[in-house]
Amino acid sequence: MNGPPEDVPKSMASNNTWDVIAATCAGTLIQWYDFYIFGSLATIIALHFFPPGNEVTALLGAFATFAAGFISRPIGAMIFGRLGDIAGRKYAFTSSLLIMGASTTLMGLLPTYQQVGVLAPLALSLLRLLQGLAMGGEYGGAVVYVAEFSPDGKRGFYTSFVQGTATMGLLVSLGIVLVTRLLLGEDSFKAWGWRVPFLLSVVLVAFGYFARRKMLESPVFEKIKAAGKTSASPLRDVLFNADNRKRVLLALFGVVAGQAVIWYTGHFYALYYLQTILKVDFVVASFVMAVALILATPLFVLFGALSDKYGRCNIMATGMILGAFSYYPIYLAMDHYATLSPQLLTSTTHRPFYFFMILLVFIQIFFVTMVYGPLAAFLVELFPPSIRYTALSLPYHVGNAIFGGLVPIIGAVLTTSTGNHLAGIAYPIAVALISALIGVLFVSEKNVKDKSHI
């Protein structure tokens, strides 16, 4: 079925649902690419933007700057959420795309620590904060926009395509970094070629912007606007209305916290572990991650569709629990295999090594798809349309900023402070279990408002 729900006048929403999904996902994928290109290049950024002489300190500095982008995401959620609930979904998340593109492109033009000293990491941190601000406006707008064009009974399926763009953004960032590195050679890439993936953003964002300009406003927003039912102060209505505040807290601690650590462990911590702990060659590690991402990405749509039939909450809680109980044996197996065969870590031809590592990373991302695939539909259906952009953006970005964005740096700190390279997974295991417990006890499909209001 295409088009808006039957109770929305067709004149208010002539966009075909698949056109909406395509244009939205294109822009969102570009935003995720921009946001995660930093993480894909963290080890090289550490060399150029932080004082030389201590590799561990420089890497921690890069991870801290990476985390800064998460800290500003909740601020972006409040700013763009308010804009989206008052002025319109399309206007808000299209504006965020331009801010993201400008910030990422400027990162590719920054002078290094060797050139301007401490100004280099300060400027990098400022641009990273702007990236987070833009990302805070993107996700909520994208999932609300697609959901409000989607019919009942298919909302999990349609919004799951937006969910897959986060993983695809990381995949594209890894692919572009890898291709650039291979084309330029290791020395040239480390010297200046690392700037190319950042500078490419200006082209990608221009494409995304022009695709979004052709899109119509959400039919649900147009309907409530015409009826005079938009909120004059969405943030106040979210935080000071007891019912809405309760829903935000349940979403944050019972769903998003667990989702965040599962997502960032399966993506960024897995890559960090391969490169930094196991000392796997960059090309080998990137290839392993890329293949696992490609194989797992269709599963976002599968679990999104399954959530339409079987409910969102049980699938998400199951993914958190499976991840929490599987991480230790998975990382122990990665460590054990690498210890037995250290000469394989720089091999580009040893097929058993590839197969083994791809399988272990794929399993981690499989858990991600279970938790993340149904998430958008769950959050959209949790709140009324007058405050929806703001209300769902807050728990999503606060949760991913606090719990998800800190996964790499907490993992690195635990590893270096204890001397145990498996200690880093203790944090995501604990958070996933606690979040799943809260979700099972207090979050259910009953928490979702009547879906007919969507």
Side-chain angles (χ1 to χ4, degrees), residues 31-73 76 99-135 169-170 172-174 176-178 180-181 184-202 204-205 264 267-269 271-277 279 282 285-286 401 404-413 415-416:
Q31 287 250 44
W32 284 121
Y33 164 83
D34 284 358
F35 192 71
Y36 289 131
I37 196 70
F38 190 101
S40 301
L41 292 168
T43 54
I44 292 179
I45 287 172
L47 299 175
H48 286 283
F49 289 92
F50 296 91
N54 190 322
E55 183 178 341
V56 174
T57 301
L59 186 59
L60 289 176
F63 280 142
T65 306
F66 177 74
F70 290 84
I71 293 171
S72 60
R73 278 170 62 171
I99 295 175
M100 177 67 84
S103 303
T104 306
T105 302
L106 287 173
M107 281 185 177
L109 300 173
L110 285 179
T112 64
Y113 185 89
Q114 289 75 15
Q115 294 171 317
V116 297
V118 72
L119 290 177
L122 289 177
L124 183 67
S125 298
L126 175 61
L127 291 176
R128 183 64 182 165
L129 288 170
L130 288 174
Q131 280 190 323
L133 199 73
M135 196 70 244
L170 176 60
V172 172
S173 72
L174 286 172
I176 289 178
V177 168
L178 183 59
T180 305
R181 197 164 188 157
L184 297 179
E186 190 70 15
D187 292 339
S188 294
F189 184 82
K190 285 185 176 180
W192 60 270
W194 60 269
R195 297 180 182 274
V196 173
F198 288 104
L199 297 175
L200 184 60
S201 173
V202 70
L204 297 176
V205 168
Y264 287 95
H267 290 74
F268 281 103
Y269 193 76
L271 184 60
Y272 160 80
Y273 196 84
L274 285 169
Q275 291 182 274
T276 307
I277 304 298
K279 305 298 182 184
F282 176 87
S286 297
L406 294 178
V407 166
I409 191 168
I410 289 180
V413 169
T415 299
T416 55

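Everything quoted here is computed from the prediction, not taken from an experiment.
A distance of 5.0 Å separates OG1 in T415 from OH in Y272, rounded to the nearest 0.5 Å. Distance check, rounded to the nearest 0.5 Å: CG of L200 to CD1 of I37 gives 8.5 Å. In this structure, the separation between CG on L106 and CG on L130 is 9.0 Å, given to the nearest 0.5 Å. Distance check: I45 CD1 to L124 CG gives 6.0 Å after rounding to the nearest 0.5 Å. For the atom pair OG of S103 and CZ of F35, the computed distance is 11.0 Å after rounding to the nearest 0.5 Å. For the atom pair OG1 (T65) and CZ (F49), the distance works out to 10.0 Å, reported to the nearest 0.5 Å.
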Let me see the working for Y269 and I410 under side-chain contact (heavy atoms from CB on, under 4.5 Å), right down to the final yes or no. CA-CA 10 Å; Y269 193 76; I410 289 180; over 6 Å; no
Could you give me the CA-CA distance, side-chain angles and deciding distance for T104 and Y33, then say whether side-chain contact (heavy atoms from CB on, under 4.5 Å) is met? CA-CA 10 Å; T104 306; Y33 164 83; 5.5 Å; no
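Using a 4.5 Å cut-off on side-chain heavy atoms (C-beta onward), L109 and F198 make no contact. For the pair L133/L129, no side-chain contact is recorded, criterion being any heavy-atom separation below 4.5 Å from C-beta on. When side chains are defined from C-beta on, W32 does not count as touching V172, because their heavy atoms never get closer than 4.5 Å. Taking the side chain as every heavy atom from C-beta outward, W192 and L184 approach each other to under 4.5 Å.
Taking each heavy atom of M107 and W194 in turn, the nearest pair found is O-CZ3, 4.2 Å. The two atoms that bring P121 and F50 nearest to each other are CB-CE2, 4.0 Å, heavy atoms only. Of all heavy-atom pairs between P111 and A120, the closest is O-CB, 3.6 Å. A401 approaches I71 most closely through the heavy-atom pair CB-N, 4.2 Å. The nearest pair of heavy atoms linking T112 to H48 is CB-O, 3.2 Å. Contact between A42 and A62 at its shortest, heavy atoms only, is O-CB, 3.6 Å.
Pairs engaging residues 189-200 under the salt bridge (charged side-chain N to carboxylate O under 4.0 Å, His left out) rule: E186-K190 [sequence neighbours left out].
Under the rule for a ring-ring contact (aromatic ring centres under 6.0 Å, His included), F38 has no partner lying at least two apart in sequence or in another chain. Remark: Y36 engages Y264 in a side-chain hydrogen bond (donor to acceptor under 3.5 Å, both in side chains) (not counting sequence neighbours).
Put simply, the side chain of Q131 gets close to the backbone of D34: a donor and an acceptor are under 3.5 Å apart. In this structure, T416 contributes its side chain and V413 its backbone to a donor-acceptor pair below 3.5 Å.
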